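I'd like to ask you about the structure that follows.
Worth knowing before you read on, the calculation uses all heavy atoms, side chains too, and leaves out hydrogens, waters and symmetry mates. Quantities reported herein were computed from a predicted structural model and do not represent experimental measurements.
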Amino acid sequence: MFAYIWRFIIRNPHVSPSPSTPSTLTTAQPQGIKYDVFLSFRGEDTRVGFTSHLYAALKRKQILTFVDYQLVRGDEISASLLRTIEEAKLSVIVFSENYASSKWCLEELAKIFERRKNNGQIVIPVFYQVDPSNVRNQTGSFGDAFARLIKKKALTMDKEQSFRDALKDTATPAGWTLRESHPESQFIEKIVGDVLKKLHAMSSSHTMAGLFGIDVRVSEVESLLDMESPDVLIVGIWGMGGIGKTTIAEVVCSKVRSRFERIFFANFRQQSDLRRSFLSWLLGQETLDTMGSLSFRDSFVRDRLRRIRGLIVLDNVDNLMHLEEWRDLLDERNSSFGPGSKVLITSRDKQVLSNVVDETYKVQGLTDEQAIQLFSSKALKNCIPTSDHRHLIEQIGRHVQGNPLALKVLGSSLYGKSIEEWRSALNKLAQHPQIERALRISYDGLDSEQKSIFLDIAHFLTRSRWEKSRAIRILDVFYGRSVIFDINTLIDKCLINTSPSSLEMHDLLREMAFNIVRAESDFPGERSRLCHPRDVVQVLEENKELNKLKAYLWTGYRDTYT
């Protein structure tokens with residue numbers, strides 16, 4: 001199988017950036033922002049009316065839109081504006097009667113036309129009280145406006161022809177035409193719906209690129225959310241640190257965004273005062289500032305939340321207390337959220353989810369093939385692997401057991417490194433700071449005795465001859481009580497797994513446990529546990545008093561605890 005995988009990688013080298021969480025929209029964005037939509041319009045015709053309403057409608061749908069609100073424009077547009085057009089995902093052009101009287105507007109149009117011709121940028125023409133054929137052929141009152149510009153600005157023949165070509169190409173009958181009798185609000189809703197569909201199609205083709213194995217996982221979560229159902233559903237995404245819970249939630253969010261009026265994405269580990277952030281998202285900051293203190297129980301809040309179909313994503317919820325102030329909303333979901341609303345909660349603690357969710361999706365590690373593809377995309381990029389590389393990648397893939405974070409972090413850190421450095425890294429995977437931080441969060445959430453039980457299992461009761469029931473009896477005797485509650489806590493927090501016959505643990509978590517005990521002292525005899533024969537032999541040969549050592553090689557106790 002590995003030979004096939006390597007052939008696939010060599011033929012298909014591909015590295016793409018991860019998807020980002022959908023952003024909220026403002027009129028002034030930091031330099032370098034890439035917009036969903038570039039909006040081109042004639043300010044004198046539509047700035048304070050149609051265009052402002054269209055912009056507001058796009059904003060309500062979380063569509064990041066660029067609008068140039070300069071009241072006075074010159075003839076030449078700036079390099080930064082040209083770059084904004086270049087980087088926008090699509091352009092919406094509002095053709096109005098006097099659009100062609102502005103050289104600025106036509107320069108924008110020419111750049112959009114160039115982008116469409118060279119890079120396939122999507123263009124949505126909107127004909128605001130103007131006939132598409134007049135725009136396309138520069139006739140009627142629209143043509144009169146263009147003639148005035150030619151005369152006033154003394155355009156060269158080449159420049160005039162470039163403007164005519166752009167008008168002819170972009171003014172297609174497939175655009176949206178507003179007649180005087182048509183309600184403007186309904187017309188705008190249709191345009192926004194068209195924009196959303198096109199953005200959705202684009203994101204579906206790009207979002208999952210470079211995220212090996214993500215498509216199946218996203219489809220399974222979508223199925224649990226039952227997007228066609230009017231029911232309010234809460235789905236949990238559960239798995240160990242670094243397994244890809246947040247990435248799955250982000251991709252699902254990006255993929256289904258067009259189905260919802262509003263989207264709220266909160267990371268409980270990185271953000272503070274999420275209640276206020278949520279209320280600001282729901283009501284707007286200005287309204288929130290005037291209302292004073294509000295809670296989720298207020299009818300004012302509930303009434304407004306019930307009126308929208310929303311997607312709420314609560315990420316990294318690893319403590320029951322995190323959900324305490326959200327419990328009223330979640331427990332009374334059908335009376336709290338609008339019909340068809342969905343809630344996604346990611347956690348590495350199954351117990352947190354079991355109290356609130358309708359369905360739980362457990363994230364499994366990547367397959368061998370997916371793991372090799374992901375690691376190679378980071379560690380080798382477009383380089384052809386040597387036989388040594390192949391052998392080490394297969395070893396690393398088996399050791400990390402399909403954990404995407406470990407594969408990405410380690411792969412990126414080994415790019416351009418020597419084979420000797422690769423071999424060295426293989427021996428200390430769990431010590432990489434970013435991997436260790438991700439793994440330790442669940443461990444740090446245990447009480448002191450649960451931490452001790454976890455370390456005992458890692459050192460003595462995995463990869464051993466002990467059957468699961470016997471291993472648990474050993475722990476019962478050692479701790480002087482039943483440890484079944486603690487075992488289930490470790491399972492819920494994805495720190496151990498169980499099979500019908502044994503206790504099991506991910507290799508990275510086991511290595512983390514070894515590192516925790518090694519950190520107790522530089523001298524093996526001063527550590528709480530020993531399981532490596534070399535350390536045990538050293539301690540026994542030194543024959544020193546072992547005040548801190550709790551256990552070594554549990555097989556020495558086998559006759560006592562059976």
Side-chain angles (χ1 to χ4, degrees), residues 21-27 53 55-63 185 189 192 225-227 229-237 246 249-250 252-253 256-347 349 351-360:
T21 305
S23 305
T24 55
L25 180 152
T26 59
T27 56
H53 298 153
Y55 174 78
L58 291 166
K59 181 178 179 179
R60 285 193 294 271
K61 290 294 185 178
Q62 313 298 311
I63 299 172
S185 59
E189 284 183 14
V192 173
L225 286 170
D226 195 2
M227 302 301 298
S229 170
D231 296 335
V232 177
L233 295 175
I234 304 177
V235 172
I237 302 177
T246 298
E250 288 175 342
V252 169
C253 192
V256 304
R257 62 186 295 188
S258 63
R259 295 170 176 254
F260 296 93
E261 297 172 54
R262 306 283 296 280
I263 296 174
F264 179 76
F265 198 112
N267 189 321
F268 276 70
R269 197 176 298 143
Q270 296 176 358
Q271 297 170 252
S272 59
D273 200 357
L274 290 174
R275 178 187 61 83
R276 185 169 183 82
S277 296
F278 181 78
L279 292 174
S280 176
W281 165 84
L282 175 64
L283 305 173
Q285 188 61 47
E286 292 182 6
T287 302
L288 185 60
D289 290 341
T290 61
M291 295 297 296
S293 178
L294 288 172
S295 75
F296 292 152
R297 296 182 180 181
D298 288 317
S299 59
F300 179 78
V301 172
R302 295 287 187 96
D303 288 345
R304 277 139 192 84
L305 189 55
R306 279 195 295 266
R307 293 170 188 165
I308 63 172
R309 176 182 166 98
L311 173 61
I312 316 297
V313 182
L314 307 180
D315 188 32
N316 287 316
V317 184
D318 297 324
N319 189 313
L320 283 169
M321 293 303 296
H322 286 164
L323 291 179
E324 198 58 38
E325 64 179 345
W326 296 76
R327 187 161 296 282
D328 287 333
L329 290 180
L330 299 176
D331 287 350
E332 302 170 19
R333 64 199 66 170
N334 289 313
S335 59
S336 299
F337 300 99
S341 294
K342 312 294 177 184
V343 181
L344 264 180
I345 305 176
T346 76
S347 179
D349 190 338
Q351 190 62 31
V352 169
L353 299 175
S354 64
N355 286 279
V356 293
V357 302
D358 299 302
E359 300 280 356
T360 298

Margin query: Using the salt bridge (Lys or Arg N to Asp or Glu O under 4.0 Å) criterion, which residues pair with D298? Sequence neighbours excluded.
Written below: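 Partners of D298 by the salt bridge (Lys or Arg N to Asp or Glu O under 4.0 Å) criterion come out as none, since no residue qualifies.
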
Next item on the list: Please round to the nearest 0.5 Å and tell me the distance separating atom CZ of F265 and atom CD1 of I312.
Entry: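 Output value for this atom pair is 11.5 Å.
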
Note to self: Please give me the minimum heavy-atom distance between S341 and G338, naming the atom from each residue.
What the structure shows: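 For S341 versus G338, the nearest heavy atoms are OG-O, 2.8 Å.
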
Notebook entry, point to check: Rounded to the nearest 0.5 Å, how far apart are OG of S336 and CG of L330?
Noted result: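 Result: 8.0 Å between the selected atoms.
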
Check: Yes or no on side chain to side chain contact (heavy atoms under 4.5 Å, CB included) for V313 and V252, after CA distance, side-chain angles and deciding distance?
Finding: CA-CA 10 Å; V313 182; V252 169; over 6 Å; no

Note to self: Once side-chain hydrogen bond (donor to acceptor under 3.5 Å, both in side chains) is applied, do any residues pair with S280, and if so which ones, sequence neighbours excluded?
What the structure shows: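 Listed in chain order: Q285.
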
Check: Under the side-chain hydrogen bond (donor to acceptor under 3.5 Å, both in side chains) test, which residues partner D318, sequence neighbours left out?
Finding: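 So D318 forms a side-chain hydrogen bond (donor to acceptor under 3.5 Å, both in side chains) with R269, S347.
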
Check: Side chains of D226 and D231: closer than 4.5 Å at any heavy-atom pair?
Finding: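 In short, these two side chains do not touch, never coming nearer than 4.5 Å.
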
Check: In chain order, what residues pass the side chain to side chain contact (heavy atoms under 4.5 Å, CB included) check against R259, with sequence neighbours excluded?
Finding: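 Once residues adjacent in sequence are excluded, the partners of R259 under the side chain to side chain contact (heavy atoms under 4.5 Å, CB included) criterion are M227, E228, V256, R309.
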
Margin query: Strictly distance-based, threshold 3.5 Å: is any side-chain N or O of D358 a donor or acceptor partner for the main-chain N or O of V235?
Written below: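 No, D358 side chain to V235 backbone: no donor-acceptor pair under 3.5 Å.
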
Margin query: Using the side-chain hydrogen bond (donor to acceptor under 3.5 Å, both in side chains) criterion, which residues pair with T346? Sequence neighbours excluded.
Written below: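 In terms of side-chain hydrogen bond (donor to acceptor under 3.5 Å, both in side chains), with neighbours along the sequence ignored, T346 is linked to D315.
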
Note to self: Go through it in stages, so that I can follow the logic: the residues are F300 and L283, the test is side chain to side chain contact (heavy atoms under 4.5 Å, CB included), and I'd like the CA-CA distance, side-chain angles, deciding distance and then a yes or no.
What the structure shows: CA-CA 10 Å; F300 179 78; L283 305 173; 3.9 Å; yes

Next item on the list: Could you list the residues that satisfy side-chain hydrogen bond (donor to acceptor under 3.5 Å, both in side chains) with D303, not counting sequence neighbours?
Entry: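 Per chain and number, D303 pairs via side-chain hydrogen bond (donor to acceptor under 3.5 Å, both in side chains) with R306.
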
Checklist line | Residues that E261 engages under salt bridge (Lys or Arg N to Asp or Glu O under 4.0 Å), provided they are two or more places apart | finding: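 Once residues adjacent in sequence are excluded, E261 has no partner under the salt bridge (Lys or Arg N to Asp or Glu O under 4.0 Å) criterion.
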
Notebook entry, point to check: Considering residues at least two apart in sequence or located in another chain, which fulfil the side chain to side chain contact (heavy atoms under 4.5 Å, CB included) criterion with S354?
Noted result: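 Side chain to side chain contact (heavy atoms under 4.5 Å, CB included) check on S354 returns Q351.
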
Next item on the list: Any chance you could measure F337, atom CZ, to R302, atom CZ, to the nearest 0.5 Å?
Entry: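 The CZ atom of F337 sits 8.5 Å away from the CZ atom of R302.
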
Checklist line | Which atom of A57 lies closest to which atom of V192, heavy atoms considered | finding: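 Heavy atoms of A57 and V192 come nearest at CB-CG2, 3.7 Å.
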
Note to self: According to salt bridge (Lys or Arg N to Asp or Glu O under 4.0 Å), does anything in residues 337-346 pair up with another residue at least two apart or in another chain? List the pairs.
What the structure shows: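 For residues 337-346, and leaving out neighbouring residues, there are no salt bridge (Lys or Arg N to Asp or Glu O under 4.0 Å) pairs at all.
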
Notebook entry, point to check: Would you call I308 and L282 a side-chain contact if the rule is heavy atoms closer than 4.5 Å?
Noted result: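 Answer yes - side chains close enough.
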
Notebook entry, point to check: side chain to side chain contact (heavy atoms under 4.5 Å, CB included) with T360: which residues, sequence neighbours excluded?
Noted result: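 Result, side chain to side chain contact (heavy atoms under 4.5 Å, CB included) vs T360: W238, L353, V357.
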
Tabulate below the donor-acceptor pairs under 3.5 Å that side-chain atoms of residues 319-329 make, not counting sequence neighbours, or state none.
residue: N319; atom: OD1; partner: M321; partner atom: N; Å: 2.8
residue: D328; atom: OD2; partner: R297; partner atom: NE; Å: 2.4
residue: D328; atom: OD2; partner: R297; partner atom: NH2; Å: 3.4

Item checked: Side-chain heavy atoms of I345 within contact of F268, under 4.5 Å ->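 In short, these two side chains do not touch, never coming nearer than 4.5 Å.
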
Notebook entry, point to check: Would you call V343 and R333 a side-chain contact if the rule is heavy atoms closer than 4.5 Å?
Noted result: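 V343 vs R333: side chains apart.
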
Note to self: Using a 3.5 Å distance criterion without hydrogens, assess whether the side chain of R304 forms a donor-acceptor pair with backbone atoms of V301.
What the structure shows: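 Flag not set: sc R304 to bb V301 has no pair under 3.5 Å.
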
Note to self: Evaluate F278 against L305 for side chain to side chain contact (heavy atoms under 4.5 Å, CB included), listing each step before the verdict.
What the structure shows: CA-CA 11 Å; F278 181 78; L305 189 55; 3.9 Å; yes

Next item on the list: First locate atom CG of L233, then atom CG of L225, and finally report the distance between them rounded to the nearest 0.5 Å.
Entry: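 It comes to 7.0 Å.
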
